[in-house]
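Below is one structure, written out as structure tokens; the observations come after it.
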Amino acid sequence: MEMKSSKQLYKKLFFIYTVILVCVVVALVGYFFTSTKRRFLEQRRNYTEMMNESAAVYLEESADIAEYIHEDLYKSNMELRDALHYMTEEPSDYQKYRLDIYIENKSSEYKGIEKFFQDAFQAYGSLNYIVLYSYGRDEMTEYTRDGKRYRRQGDEELKRRLNEMDLAGDGYFSYMKEIRDPATMQVKGCMLLGFKSSRFESVWQYYSQAELIVYNDTGSAVFDSSGKYGIKKLMEWDRENALELKLGAYVEQAQSGPYHVISYLEKKRAAAVPLPALLMIFTVGAAVIAIGEIFVRYYLQRLSRRLNRILDGMEKVMEGNLDVRIPADKNGDELDVISKCFNEMCVNLNEHIRKRYLAEIEQKNAEMSALQSQINPHFLYNTLEAIRMKAICNGDREVGKMLYSLAVTFRAQIKEADVITLAQELHYCKKYMELFEFRYQNQFQASVECPEEYLQVPVIKFVLQPIIENYFIHGMRMREKDNRIKISVKKEELYKIIVEDNGKGMSEDELANQNRKLKSGIMEKQSSIGIANVNSRLRAVYGDECGISMEAGEDRGLRVVLTFKPKEGREEGREGVKDEKSNASGR
């Protein structure tokens, strides 16, 4: 027989370990990719939310600035009166008013509306322009951060924007504050405070992943980073609560007064992993696979060398060399155990072969003894038959009957198969009891009851004789004449042979102790082993649910129950069945 090399095992293990390594690394790469993707998604969504909050805060700050300027104007009596005169009087009359106030107050600096606006520009860096519009004169004046002033007549576009509160445009947004005369509470004009939208661009560039859109209630865009969708369309989608669906994005919204802020992050872009991160993940995965392959190859080569040593040792043993020894490395694994066991096997095998010749000689002697022991029982059986025939010829029928019963019992032991019918077992049992009838005449009565349909049930032989013998030796009351022993056969789930007597019996403790021993299969050498032997045979042949149990009899005595479960197809030993049918139904 040619042994296979360990190279085949090496290739199989290398392939298996490589597949496992690749699967593990792929799973880890997938996990890290998913984790990185989730982390970038959360980060970008947070940035989108922060961008929306920053834009909303800038709008709220601008609204607060406009409110502060408006409140400060009403707190400054001189500046408010100057603004009212500026909006309601002709330029010449306004100049005369300013000169009169200047002379009257005798101050080094006139605090008019121009000075008020200059202070506002200095105080608020985000303020871009201020427009003062007179309703009565239809005249507007624009003040800029560089101190310049532009005065001109109002136009229809300005009126429309004021009527519709459309105070925003590309690059700016503003807030309108009406100016009333405190004395009459009549509205004389308004003040437009404008702010740059460049701050929104800075916010958008800082959080560069998402898009930012700012517009007012009338649909005028203040800032639109994408320009992909029209403001009117966005407002329509917003009214339908379908912004996220239409944009295919994560959307954050905020509102400050008449201005609305929309920040959205497209879902495809939100979950995208940057190329450097992807390269890093896959590079690390490839490096782990390469390093793992190096370690796998080293480990398998080392394992292969150890397996080859074992295979070489086996080949030498197959060639007849039992002196071979395999080095056992100090690894403490299964191969070391196999090597040690192999070495011990060689030692034991050598010793076994040495002793084999003596064993064969002893076996031949045992076979000869067995043949001789088979001759002697047949000689004894034939001798008993000869004595029985001589007794009958001499007219001594009782002696002949006793010899017949003894011969039948003896013949069953040496000739019958291991499995016989229940009819045969009961017949041999009756013959055995007949021997005791001659010994204990008129001291006991015996009966056997078995339904005819159970007579052909197969059972192992000599399960009743030890029970009967145990009764005559230990249970029979020698001084009494009313001894009884009854054998009956029943079938419930299992077949039961019940041997019941009215003898000496046992105490409850003795019964419990005996049943415990029988259930556990204990066989004590110092006591009679007949019942224990039958119990062991029944359990061995029919299973642990079968065997012998003992109970207290109804009329004192003992009740022994033999339980068995015949196997189908084992109805051997039908010899003499017809004779037993007529004898086993009772005495």
Side-chain angles (χ1 to χ4, degrees), residues 6-57 199-214 223-229 234 237 242-254 261-307 331 333-334:
S6 63
K7 291 182 179 180
Q8 295 180 347
L9 179 62
Y10 174 85
K11 292 178 181 178
K12 291 179 181 179
L13 290 178
F14 185 77
F15 174 76
I16 293 172
Y17 287 167
T18 301
V19 171
I20 293 174
L21 179 63
V22 171
C23 291
V24 171
V25 173
V26 168
L28 289 175
V29 168
Y31 169 77
F32 284 115
F33 175 77
T34 304
S35 178
T36 304
K37 186 176 181 180
R38 188 184 303 112
R39 181 170 58 84
F40 275 105
L41 174 60
E42 292 176 356
Q43 184 185 62
R44 286 165 180 164
R45 292 192 67 177
N46 290 334
Y47 282 172
T48 303
E49 185 178 353
M50 293 167 65
M51 181 174 67
N52 191 269
E53 291 178 357
S54 298
V57 167
R199 176 77 172 272
F200 296 119
E201 185 173 1
S202 300
V203 171
W204 170 69
Q205 290 178 350
Y206 184 78
Y207 304 102
S208 58
Q209 296 296 327
E211 302 294 342
L212 178 64
I213 300 173
V214 183
F223 179 80
D224 187 354
S225 62
S226 65
K228 187 176 180 180
Y229 306 98
L234 291 175
W237 291 345
L243 265 179
E244 289 193 2
L245 180 62
K246 296 292 185 180
L247 294 174
Y250 302 102
V251 178
E252 296 290 338
Q253 292 180 270
V261 181
I262 294 178
S263 301
Y264 69 91
L265 178 65
E266 293 181 354
K267 293 184 177 180
K268 293 182 179 179
R269 188 177 181 186
V273 179
L275 182 60
L278 282 175
L279 291 176
M280 183 187 70
I281 292 174
F282 287 109
T283 301
V284 171
V288 171
I289 291 177
I291 296 173
E293 286 291 287
I294 294 173
F295 280 103
V296 167
R297 185 179 294 273
Y298 169 76
Y299 171 74
L300 291 181
Q301 287 177 349
R302 188 167 175 270
L303 181 65
S304 180
R305 287 194 295 270
R306 297 175 65 191
L307 288 174
N331 294 302
D333 56 9
E334 286 78 3

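All values below come from the heavy atoms of this structure, side chains included, with hydrogens, waters and symmetry mates left out.
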Heavy-atom neighbours of K267 NZ exceed 12 at 6.0 Å: yes

Is any NZ, NE, NH1 or NH2 atom of the basic residue among E49 and R44 found under 4.0 Å from an Asp or Glu carboxylate oxygen of the other? no

Are any of the side-chain heavy atoms of L247 and E266 separated by less than 4.5 Å? no

Quick one, Y229 and I213 - any side-chain contact, counting heavy atoms below 4.5 Å? no

Counterpart residues, ring pair (Phe, Tyr, Trp, His ring centres under 6.0 Å), relative to F14 (two or more places apart): none

Report yes or no: does [X] contribute a side-chain atom to a donor-acceptor pair with the main-chain N or O of [Y] at less than 3.5 Å?
{"X": "W204", "Y": "A210", "value": "yes"}
{"X": "T34", "Y": "G30", "value": "yes"}
{"X": "N52", "Y": "E252", "value": "yes"}

Just jot down the salt bridge (Lys or Arg N to Asp or Glu O under 4.0 Å) partners of R269, sequence neighbours excluded, or say none. E211

Which of parallel (below 30°), tilted (30 to 60°) and perpendicular (above 60°) describes Y17 and Y299? tilted

Return the orientation label for the Y47 and Y207 ring planes: parallel under 30°, perpendicular over 60°, tilted otherwise. tilted

Using 0.5 Å steps for rounding, measure from the [atom1] atom of [X] to the [atom2] atom of [Y].
{"X": "L28", "Y": "I281", "atom1": "CG", "atom2": "CD1", "value": "11.5 Å"}
{"X": "T36", "Y": "L41", "atom1": "OG1", "atom2": "CG", "value": "12.0 Å"}
{"X": "S263", "Y": "M50", "atom1": "OG", "atom2": "CE", "value": "12.0 Å"}

Which pair of heavy atoms, one from G285 and one from V29, lies closest together, and at what distance? CA-CG2, 3.9 Å

Minimum heavy-atom separation for L265 to A270, with atom names? CD2-CB, 3.4 Å

Will you find, in the side chains of T48 and Q209, an N or O donor that is under 3.5 Å from an N or O acceptor? no

Check the side chains of S226 and Y264 for a donor-acceptor pair under 3.5 angstrom, ignoring hydrogens and angles. yes

Report the C-alpha separation of F33 and L278 in whole Å, then their side-chain angles, then the decisive distance to 0.1 Å, and conclude whether the side chain to side chain contact (heavy atoms under 4.5 Å, CB included) test is met. CA-CA 8 Å; F33 175 77; L278 282 175; 3.1 Å; yes

L212 and side chain to side chain contact (heavy atoms under 4.5 Å, CB included): which partner among V261, I262, D224? V261

